[in-house]
Amino acid sequence: FSSVTFVIPPEFFSAPAIRITAPFTFTGVVSTFSPPESALLTGEGTVHVLLVNQTIGGSTGFFLDHADYIFGARASGLTIEPVPEPTTILLLVSGLAGAAARLGFANKRLRK
C-alpha cells in the first residue's frame, strides 16, 4: 500500500479524534504452491482513517481506531479534519430538534 504522507496540524492536537481521507495505491503479488503460479495485483482507492486521542500505557497521543480502504475512485487529495466532541454533536442535534418542534408548532397554529 502506498499513500500520501501527512502531518497533524498543531491546532488539532487537543481534538478528541481526527478523520483523515487520502488516496492510495496497491501493488502486490499472489502466489500458489501447487501448481506454482503467481499473479500481479494492483488497485487504487480511498482510505478513511480515524485516529483517537487517548492515553495508553502512559503515552498520550493519537492512536488508530480503524481504517476503511475503499477500492475504486481515488480521493482527489488529502483531508485532515477534527471530529467534534460528543457534547458538540449533542448540542447541534438538540438545537435542530428544537427548531423542528418550533416549526411544527407554528404550522399547527396556522392551520387552526
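Please read all numbers here as calculations on a predicted model, not as lab measurements. Numbers here are sequence positions counted from 1. Note: hydrogens, waters and symmetry copies are ignored here, and every other heavy atom, side chains too, is used.
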Could you give all pairs that pass the side-chain hydrogen bond (donor to acceptor under 3.5 Å, both in side chains) test and reach residues 45-58, with sequence neighbours left out?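 Residue pairs passing side-chain hydrogen bond (donor to acceptor under 3.5 Å, both in side chains), neighbours aside: Thr21-His48, Thr55-Thr60.
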At what distance, to the nearest 0.5 angstrom, does CZ of Phe63 lie from CD1 of Ile56?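 Output value for this atom pair is 4.5 Å.
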Pairwise distance CZ(Arg74) to OG(Ser3) - rounded to 0.5 angstrom: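 One gets 8.0 Å once the value is rounded to the nearest 0.5 Å.
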Set of residues satisfying side-chain hydrogen bond (donor to acceptor under 3.5 Å, both in side chains) with respect to Thr42, sequence neighbours excluded: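 By the side-chain hydrogen bond (donor to acceptor under 3.5 Å, both in side chains) rule, Thr42 matches no residue at all.
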Are [Y] and [X] co-members of a hydrophobic cluster defined by side-chain heavy atoms under 4.5 Å apart?
X: Ile70; Y: Val49; value: no
X: Phe1; Y: Ile20; value: yes
X: Phe13; Y: Ile80; value: yes
X: Val4; Y: Leu64; value: yes
X: Leu50; Y: Phe12; value: no

Please examine the side chains of Phe62 and Val52, heavy atoms only from C-beta on, and report whether any two atoms are closer than 4.5 Å.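 No, every pair of side-chain atoms sits at 4.5 Å or beyond.
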Anything under 3.5 Å between a donor and an acceptor, one on a side chain of residues 22-39, the other on a protein residue two or more places apart or in another chain? List them.
residue, atom, partner, partner atom, Å
Thr32, OG1, Pro35, O, 2.7
Thr32, OG1, Glu37, N, 3.2

